[in-house]
Amino acid sequence: MTTRHLLADDDLSAAEQREVLDRALALKAAPFSDRCLEGPRTVSILFDKPTLRTQVSFVGAVTALGGYPMVVDGRLAGVGARESVADVARILGPQSAAVVWRTFEQAKLEEMARYAGVPVVNALTDEYHPCQILADLLTVREALGDTAGRTIAYVGDGANNMAHSYLLGCALAGMHVRVGTPRSHLPDAGVVARAETIAAAQGGSVLVTDDPVSAVHGADVVATDTWVSMGQEGEADERKGAGGPFERFRVDDTLMGHAAAGAVFLHCLPAYRGHEVEASVIDGPRSLVWQEAENRLHAQKALLSWLVEQSTGPATDPEEQR
Ligand code: NVA
């Protein structure tokens, strides 16, 4: 049996993403109806970067599934520094039903997945944040009924993890995905190409533009993210100072005015009011950010349950297979 992971949004097929979201809606309605981690089985949850929502929602999700959430401080563990990623994977895997990791390089997460022998979940890397997108899609389904055929406009830093995950995850959900970002911060070309292929198959489309108004025009969902991602603190002044690259991409009432009537606003948080979004938008009637934050719990619960169900079988070490 293959071990399934969520390292990037497109590790799930469109049908599988829908299955996970359906399960999330069911678990939201009946929070303790799935006890797949009863034992309790341990889920190892590692953080190499700051966290609030991700820690709370994964701990809550594992506990509600009957498991034990073992939170590991990456600074103590030193994964990839004090000992190799492969060695850590071979320690955690046999003791865990799944490994959840927030780190910097995607390549390290991929190495963890090669050696752990259990599902590995991306809890944010520099490249992707797929758990957030599942929560966002759940929120869109709740607000607008379905995702297929809807238009989402992500405005801001087009080169960050959220931009990449919106492109892939929302294309999988059959959406028209637009990214409004300056030419200096375009999404990775390979990710755009993958999103275009997915969109063509799912009836959606992809548009990357440096015009925020074209991006938002008629959109059903408008989303943004911080202009300074974790790990970029040294660039904070040039990224968010006056005259910085993203000034034209701030989500304010004027920009929201170009979206569809009834459009909703999303933000993965933490938010910096007065920078990427005005308070009148994030604290206004179109904002669904608190529902979106709560949906991290339901989406991740469903994801863990689905991954563990798909992957139960003997653990295999890639080096033993050689
Ligand atoms: N792009 C942001 C997302 C935070 C949830 C970051 O990586 O810091």
Side-chain angles (χ1 to χ4, degrees), residues 6-9 45-61 71 74-75 100-109 121-139 152-170 177 179-182 184-188 191 195 208 221-240 244-246 249-251 265-277 282 287-300 303:
L6 184 68
L7 309 180
D9 306 75
I45 308 171
L46 290 77
F47 292 103
D48 292 339
K49 288 177 174 175
T51 177
L52 171 71
R53 278 153 297 281
T54 301
Q55 181 168 344
V56 169
S57 55
F58 267 112
V59 166
V71 176
R75 286 168 304 182
V100 175
W101 192 14
R102 165 168 291 187
T103 192
F104 293 85
E105 302 93 335
Q106 184 72 10
K108 282 191 177 175
L109 190 78
V121 174
N122 182 346
L124 183 147
T125 58
D126 292 343
E127 283 88 350
Y128 307 106
H129 194 5
C131 289
Q132 180 68 52
I133 297 306
L134 291 176
D136 284 25
L137 291 170
L138 194 60
T139 310
I152 183 163
Y154 167 82
V155 186
D157 180 0
N160 76 7
N161 40 21
M162 286 302 298
H164 292 155
S165 279
Y166 275 123
L167 280 163
L168 296 171
C170 294
V177 192
V179 175
T181 190
S184 53
H185 292 77
L186 293 174
D188 177 80
V191 172
V208 179
V221 184
V222 178
T224 189
D225 182 20
T226 180
W227 292 342
V228 186
S229 285
M230 292 180 275
Q232 299 174 335
E233 291 79 4
E235 301 167 31
D237 288 347
E238 64 195 74
R239 284 177 161 268
K240 59 181 202 184
F246 305 115
F249 298 87
R250 175 176 298 116
V251 180
F265 172 77
L266 298 179
H267 191 311
C268 61
L269 307 174
Y272 300 92
R273 291 167 175 79
H275 292 281
E276 75 274 9
V277 62
I282 192 167
S287 172
L288 297 182
V289 297
W290 312 123
Q291 182 180 335
E292 179 189 8
E294 183 198 322
N295 279 340
R296 294 289 304 278
L297 169 69
H298 310 297
Q300 289 157 201
L303 175 71

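One-based numbering, in listed order, for ligands and for the atoms of each.
Contacts between D126 and ligand 1, counted as non-hydrogen atom pairs separated by less than 4.0 Å, are absent for every part of the residue.
V179 has its side chain out of reach of Y166: every pair of non-hydrogen atoms, C-beta onward, lies at least 4.5 Å apart.
For ligand 1, the polar-atom distance check finds an N/O of D225 within less than 3.5 Å of one of the ligand's N/O atoms.
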Task: Q300/S57 under side-chain hydrogen bond (donor to acceptor under 3.5 Å, both in side chains): CA gap, chis, key distance, verdict - done: CA-CA 7 Å; Q300 289 157 201; S57 55; 3.0 Å; yes
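Atoms CZ and SG, from R53 and C268 in turn, are 7.5 Å apart once rounded to the nearest 0.5 Å.
Comparing S165, S229, P50, A123 against atom 6 (C) of ligand 1, the shortest heavy-atom distance belongs to S229.
A salt bridge links K49 to D126: at least one charged side-chain nitrogen sits closer than 4.0 Å to a carboxylate oxygen.
When only non-hydrogen protein atoms are considered, atom 5 (C) of ligand 1 lies nearest to L269 O, 3.5 Å. Among all non-hydrogen protein atoms, the one lying nearest atom 7 (O) of ligand 1 is N161 ND2, 2.8 Å. At the top of the distance list for atom 8 (O) of ligand 1, counting protein heavy atoms only, stands M230 N, 2.8 Å.
Shown here for P182 and G156, the closest heavy-atom pair between the two residues is CD-O, 3.8 Å.
Shown in contact with N160 at under 4.0 Å from a heavy atom are these atoms of ligand 1, numbered in order with element: 1 (N). Near L124, meaning under 4.0 Å from any of its heavy atoms, are these atoms of ligand 1: 3 (C), 4 (C), 5 (C), 7 (O).
The side chain to side chain contact (heavy atoms under 4.5 Å, CB included) search around N160 returns Y154, D157, M162, A163, D225, S229, not counting sequence neighbours.
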